[in-house]
Novice: 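A single structure is presented below for examination.
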Amino acid sequence: MTVVTDKSDTRRVSGKPRVIVTRRLLPDTEARMGDLFDVTLNEQDKPMSRAELIDAVRSCDVLVPTVTDTIDRDLIDAAGERLGLIANFGAGVDHIDLAAARQRRIMVTNTPGVFTEDTADMTMALIISTTRRFSEGFRAVQEGRWSGWSPSAYLGHRIGGKLLGIVGMGRIGQAVAHRARAFGLRIVYHNRHPLPEAVENMLAARFEPDLDKLVAEADILSLNCPATPETHHILDARRIALMKQGAYLVNAGRGELVDEKALIAALAEGRLGGAGLDVYENEPDVPAALLKLPNVIAMPHLGSATEEGRGAAGEKIIANIRFWADGHRPPDQVLDTLI
């Protein structure tokens, strides 16, 4: 296999590109990749070690990582000359050092939009489950502790009329707001920039530029922003202390957004009503103290876990690789390596 460079430095691949996939994908996606590319799959579906990732970037034209792979500067610097594309499986690219890829003229693509509805569904499920104490009730039945219906047992809160604060009003945040409006929630959001007035009116959402004010005002706080240096521990001990007595936190974004130790303390002390979590700071490690709390619903990062979403992501991966191998700009390019 050879790489041909034209005057604009757009790469064209002669023959099948060498592709390494770091985790198992859907069978149809893997079969299609096997037909089109010289592909190596992760048959064991175990996260690749650092040494395995280094071997991969030194021997392939295209790396297909996932959110669990750390593609930092050192790894990119270790890549061989033939690596020309990092085709990420997922919309988030916070685990990839884009500046390092730019310097090495390595193109980066992602799969935007395919998990929006699924993650919004998960967020709404966590909102309902947490406020209605579904986890506590489920555990009581499973453990044989339920003694029958009682008018005072497992009382939660209705969500109609409550104020939902959404931090991050991108695709997923807007999809959450769309669902929340149908449940009668009042919606206030914080974002880097306000949405167009027409979109705000459609979602019946109000922009709040002061994040502290939003945190203090919300009955339910939903984190739907990406993980960046600016958003690391965006909900820290200080902001958690600003939350209403009995308020609820839902996080289906990234675990790094929350200071877990401060969250555990607030929940254990009864200052918060509960938390619905799908992501954690140090996945897959979840603090035992968090799991022991009765008012916490802890899910294993299932936000995008639908056959439809994962299948659509696989199709985008294949399209991005084919465009790149043919010398064209992929449709989901994240980083313009020619700048």
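What you see below is based on every heavy atom in this structure, not just the backbone, and it leaves out hydrogens, waters and symmetry mates. All residue numbers in this chain count up from 1 along the given sequence.
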Novice: Apply salt bridge (charged side-chain N to carboxylate O under 4.0 Å, His left out) to D212 and list each qualifying residue two or more places apart in sequence or on a separate chain.
Specialist: R238, R239

Novice: Evaluate the side-chain proximity of V108 to L98: yes if any heavy-atom separation is below 4.5 Å, no if none is.
Specialist: yes

Novice: Run the numbers on Q103 and R73 for side-chain hydrogen bond (donor to acceptor under 3.5 Å, both in side chains), then give the verdict.
Specialist: CA-CA 10 Å; Q103 290 178 1; R73 179 173 292 276; 2.8 Å; yes

Novice: State which residues pass salt bridge (charged side-chain N to carboxylate O under 4.0 Å, His left out) with D259; sequence neighbours excluded, sorted by chain then number.
Specialist: none

Novice: List in chain and number order the residues that pass side-chain hydrogen bond (donor to acceptor under 3.5 Å, both in side chains) with T306, two or more places apart in sequence or in another chain; answer none if no residue qualifies.
Specialist: D118

Novice: By the definition side chain to side chain donor-acceptor pair (under 3.5 Å), identify the one residue from D72, N88, T66, T70 that meets it with H95.
Specialist: N88

Novice: side-chain contact (heavy atoms from CB on, under 4.5 Å) with M169: which of E200, Q174, H193?
Specialist: Q174

Novice: Would you check if M107 and I86 make a side-chain contact, meaning some heavy-atom pair closer than 4.5 Å?
Specialist: no

Novice: Testing L63, T22, V57 one by one against I71 for a side-chain contact (heavy atoms from CB on, under 4.5 Å), which residue passes?
Specialist: L63

Novice: Which pair of heavy atoms, one from E30 and one from L25, lies closest together, and at what distance?
Specialist: OE2-N, 2.9 Å

Novice: Are the side chains of L277 and L263 in contact, using a 4.5 Å heavy-atom criterion?
Specialist: yes

Novice: With sequence neighbours left out, write down each residue that passes side-chain contact (heavy atoms from CB on, under 4.5 Å) with A125, or none if nothing qualifies.
Specialist: none

Novice: Just jot down the ring-ring contact (aromatic ring centres under 6.0 Å, His included) partners of Y189, sequence neighbours excluded, or say none.
Specialist: F207

Novice: With sequence neighbours left out, write down each residue that passes side-chain hydrogen bond (donor to acceptor under 3.5 Å, both in side chains) with T228, or none if nothing qualifies.
Specialist: E230, T231

Novice: Between L85 and T109, is there a side-chain heavy-atom distance shorter than 4.5 Å?
Specialist: yes

Novice: Identify, with sequence neighbours excluded, every residue that meets side-chain hydrogen bond (donor to acceptor under 3.5 Å, both in side chains) alongside D278.
Specialist: none

Novice: With L126 as reference, evaluate V250, T131, I220 under the side-chain contact (heavy atoms from CB on, under 4.5 Å) test and give the passing residue.
Specialist: V250

Novice: Less than 4.5 Å apart, side chain to side chain, heavy atoms only: is that true for V64 and I321?
Specialist: yes

Novice: Any non-hydrogen side-chain atom of S135 less than 4.5 Å from a side-chain atom of V296?
Specialist: no

Novice: Kindly write out the residues that satisfy side-chain contact (heavy atoms from CB on, under 4.5 Å) with S152, not counting sequence neighbours, or none if the list is empty.
Specialist: S150

Novice: Taking salt bridge (charged side-chain N to carboxylate O under 4.0 Å, His left out) as the test, write out the residues that go with E269, two or more places apart.
Specialist: R271

Novice: Do I240 and L242 have side chains that get closer than 4.5 Å, going by heavy atoms?
Specialist: no

Novice: Between E208 and R206, is there a salt bridge with N-O shorter than 4.0 Å?
Specialist: yes

Novice: Could you tell me which residues satisfy side-chain contact (heavy atoms from CB on, under 4.5 Å) with P287, sequence neighbours excluded, listed by chain and number?
Specialist: E260, I264, L290

Novice: Where is the tightest heavy-atom contact between R329 and Q333, given as atom of each residue plus distance?
Specialist: NH1-OE1, 3.5 Å

Novice: Excluding sequence neighbours, so at least two apart, what forms side-chain contact (heavy atoms from CB on, under 4.5 Å) with E256?
Specialist: A227, H232, R254

Novice: If you look only at pairs with a residue in residues 146-187, which of them pass as a ring-ring contact (aromatic ring centres under 6.0 Å, His included), with sequence neighbours excluded?
Specialist: none

Novice: Using a 6.0 Å cut-off, check whether atom CZ of R322 has over 12 heavy atoms from anything other than its own residue.
Specialist: no

Novice: Does the pair R139/E136 count as a salt bridge with the N-to-O cut at 4.0 Å?
Specialist: no

Novice: Would you please say whether a donor-acceptor pair under 3.5 Å links the side chains of R310 and S304?
Specialist: yes

Novice: State whether the side chain of D69 and the backbone N or O of P65 hold a donor-acceptor pair below 3.5 Å, judged by distance alone.
Specialist: no

Novice: N320 side chain to N110 main-chain N or O, any donor-acceptor pair under 3.5 Å?
Specialist: yes

Novice: Under a 4.5 Å cut-off applied to non-hydrogen side-chain atoms, are L235 and L221 in contact?
Specialist: yes

Novice: If the threshold is 4.0 Å, N to carboxylate O, is there a salt bridge linking D61 and R82?
Specialist: yes

